[in-house]
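Below is one structure; the comments refer to it alone.
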Amino acid sequence: MDQRIIAHLDMDAFFASIEEVSTPGFLGKPIVVGSEVYEGRGRGVVSTANYKAREYGIHSAQPISIAWHLSQKAKERGKPEAIFLPVDFKLYERVSNNILKIIKKYVTIIEQASIDEFYFDLSFLKTYKRAEEICKKIKEEIKKEEKITCSVGVGSNKLISKIAAGINKPDNLLLIKKKDAFKFLNPLKIQKIPGIGPKTTKIFNKIGIQTIEDLNKLSKKELEEMLGKHGVGIYYSARGVDNDPVTEYREIKSIGEQTTFYKNTLDFNFIFNVFRELSDNVFKRFTKSEFSKFNTITITIRFADFETKTSSRSLKEGITRNDKKRFNLEILKLVFPFLDKRRNPKKKLIRLIGVRLEKLVH
Ligand code: TTP
Ligand code: MG
């Protein structure tokens, strides 16, 4: 078989970059997209920050209150305060679709892996040189049309291309030929391997394993004993082995949204209103999707002490676009028990709620 040439494209600071170029006066400013900041008293998290704001130590998943304090500290040092913005999902989805359209002009097999990540198969080009040219064109066109940058990695499989795209962000293009894969992987930190998260990293660090080269000293059997099936996967990943094809069909498993309250509460009215807003949003996304029906509704409740519960309702006949009323009713049925003794006997306050539609049917 001819060698595969696979590219991975990941937008740089996606939500924040879009905001930066969408509003006059924002260009070059530190920007944070996430939940409400309330002058540092907000309780949600940062979705993402542009690279200017990252210089202040602000990053994805960080509590928004900490991001605000970091920005205030920067201000004390004479730097510009960060601009905090809410998430405008619709806008980002629109840009994401435009990016997909641009890639489609050059490539036929594309797999959208998330709102800002795409794999595409360039094997048909035969050489890395030609692959590089096409990737440059795609990068330029995205820059021209959307005014934002991305990073692209190219390698002999999805694993290598994804890792390569993440090196030297932003606005990077890195090609790793198959013969150079080991040299490329060995010095990297083990966390660069998709699937090695903070927990697994800790386990390895404890026994003195920091880099992929260190990891390669463990046998398949040793890794399997340590981590089971996951360990075997890591054994192959660390050697740059990945046969996963680029598949165009991305399986959407659910449509959901969640929100953290400004203040912990058990105020029925307030909670119902927020649930109504969330369900409206989620239902609207469903009506615009390619799905005609869903069979399961799941709600998430996180209490003030962070205990998190989910509750689901499966409906045999399913809910279609015309069943909005029934959908709202079903949500209420799910929510009620959390407001009284049935599922909340200690009357704990609630800090976060979420709504998710599952078992989507085409
Ligand atoms: P990422 O590609 O992980 O991050 P990014 O594009 O902001 O930055 P980078 O340059 O490092 O790629 O995620 C894409 C988008 O997904 C991001 O812009 C916002 C959203 N997101 C969250 O909402 N929460 C998160 O914790 C992360 C990691 C991302
Ligand atoms: Mg990104």
Side-chain angles (χ1 to χ4, degrees), residues 7-23 26 29-37 42-67 82-100 102-103 111-120 135 138-139 142-143 146-153 158 161-174 188-189 191-198 250 252 254-260 278 281-282 285 300 302 352 354 356:
H8 181 261
L9 182 153
D10 187 311
M11 300 306 298
D12 300 322
F14 190 49
F15 296 2
S17 305
I18 295 173
E19 296 290 355
E20 188 178 348
V21 298
S22 303
T23 309
F26 279 6
K29 301 255 166 73
I31 289 171
V32 180
V33 177
S35 62
E36 273 285 0
V37 67
R43 290 143 33 88
V45 294
V46 173
S47 291
T48 195
N50 68 355
Y51 283 75
K52 260 264 150 54
R54 289 183 200 188
E55 286 170 17
Y56 299 169
I58 298 172
H59 59 78
S60 290
Q62 184 175 54
I64 199 88
S65 54
I66 292 184
I83 298 164
F84 287 84
L85 300 168
V87 178
D88 184 352
F89 211 73
K90 263 194 213 133
L91 171 65
Y92 316 145
E93 252 171 0
R94 216 159 49 225
V95 178
S96 176
N97 287 337
N98 290 346
I99 291 161
L100 179 61
I102 293 173
I103 304 171
E111 175 179 334
Q112 178 158 13
S114 78
I115 190 161
D116 87 326
E117 267 178 277
F118 306 83
Y119 289 99
F120 40 96
C135 290
I138 292 173
K139 274 171 68 78
I142 292 173
K143 185 78 193 288
E146 300 298 330
K147 315 277 179 273
I148 56 179
T149 63
C150 62
S151 296
V152 179
K158 284 162 88 173
S161 65
K162 184 174 167 87
I163 297 175
I167 307 266
N168 295 333
K169 255 179 166 287
D171 202 10
N172 184 38
L173 171 58
L174 182 61
L188 299 179
K189 291 249 167 71
Q191 303 82 301
K192 293 279 179 199
I193 296 179
I196 300 196
R250 179 172 62 117
I252 299 174
S254 66
I255 299 176
E257 230 168 84
Q258 59 179 45
T259 190
T260 306
L278 279 185
N281 288 348
V282 168
R285 276 171 61 200
T300 304
R302 180 168 298 150
L352 168 150
R356 184 165 289 283

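For ligands, and for the atoms within them, numbers begin at 1 and follow the listed sequence. These numbers come from the heavy atoms of this one structure, side chains and all, not from hydrogens, waters or symmetry mates.
Here the protein heavy atom with the shortest distance to atom 2 (O) of ligand 1 is D116 OD2, 3.0 Å. Looking at atom 26 (O) of ligand 1, its nearest protein heavy atom turns out to be S60 CB, 3.7 Å. The protein heavy-atom contact nearest to atom 7 (O) of ligand 1 is T48 OG1, 2.5 Å. Looking only at protein heavy atoms, the nearest one to atom 15 (C) of ligand 1 is F15 CE1, 3.8 Å.
Put simply, S151 stays out of reach of the Mg ion (ligand 2), with no N, O or S atom under 2.8 Å from it. At a cut-off of 2.8 Å, E117 does not coordinate the Mg ion (ligand 2) through any N, O or S atom. Note on D10: counted as a metal contact of the Mg ion (ligand 2), an N/O/S atom lying under 2.8 Å.
Of all atoms in ligand 1, listed by their number and element, those nearer than 4.0 Å to a heavy atom of F14 are 5 (P), 6 (O), 7 (O), 18 (O). For ligand 1, the atoms sitting less than 4.0 Å from at least one non-hydrogen atom of D10 are 2 (O), 12 (O), numbered in the order shown with element in parentheses. For ligand 1, the atoms lying closer than 4.0 Å to a non-hydrogen atom of K169 are 9 (P), 10 (O), 11 (O), 12 (O). Near Y51, meaning under 4.0 Å from any of its heavy atoms, are these atoms of ligand 1: 9 (P), 10 (O), 11 (O). Near R54, with a cut-off below 4.0 Å to any heavy atom, the atoms of ligand 1 are 5 (P), 7 (O), 8 (O), 9 (P), 10 (O), 11 (O).
Taking OG1 of T260 as the reference point, atom CZ of R302 lies at 7.0 Å (rounded to 0.5 Å).
At least one side-chain heavy atom of I167 sits less than 4.5 Å from a side-chain heavy atom of L188. L9 places a side-chain heavy atom less than 4.5 Å from the side chain of F120. Using a 4.5 Å cut-off on side-chain heavy atoms (C-beta onward), F89 and I115 make contact. Between F118 and I138, the closest side-chain pair of non-hydrogen atoms is not below 4.5 Å. Using a 4.5 Å heavy-atom cutoff, the side chains of P194 and K162 are in contact. Taking the side chain as every heavy atom from C-beta outward, V46 and I64 approach each other to under 4.5 Å. Between E20 and I148, the closest side-chain pair of non-hydrogen atoms is not below 4.5 Å.
When rounded to 10 degrees, the angle formed at the Mg ion (ligand 2) by OD2 (D116) and O (M11) equals 90°.
Checked against a 3.5 angstrom limit, the closest N/O atoms of I115 and ligand 1 fall outside it. Checking only distances, M11 does come within under 3.5 Å of ligand 1, N or O to N or O.
Between K139 and the choices N172, D171, T149, the side-chain hydrogen bond (donor to acceptor under 3.5 Å, both in side chains) rule is met once, by D171. Each of E93, R94, E19 was evaluated against D88; a single residue qualifies, E19, per the side-chain contact (heavy atoms from CB on, under 4.5 Å) test.
Remark: distances from the non-hydrogen atoms of P170 to ligand 1 are all 4.0 Å or more. Taking a 4.0 Å cut-off on heavy atoms, E19 fails to register as neighbouring ligand 1.
Classification of the Y119-H8 ring pair by plane angle, with boundaries at 30° and 60°, yields tilted.
Ranked by closest heavy atom to atom 24 (N) of ligand 1, the top entry among G166, S35, G34, S47 is S47.
Under the 4.0 Å distance rule, the nearest protein heavy atom to atom 21 (N) of ligand 1 falls inside the cut-off.
Between A16 and I31, the shortest heavy-atom contact is CB-O, 4.0 Å.
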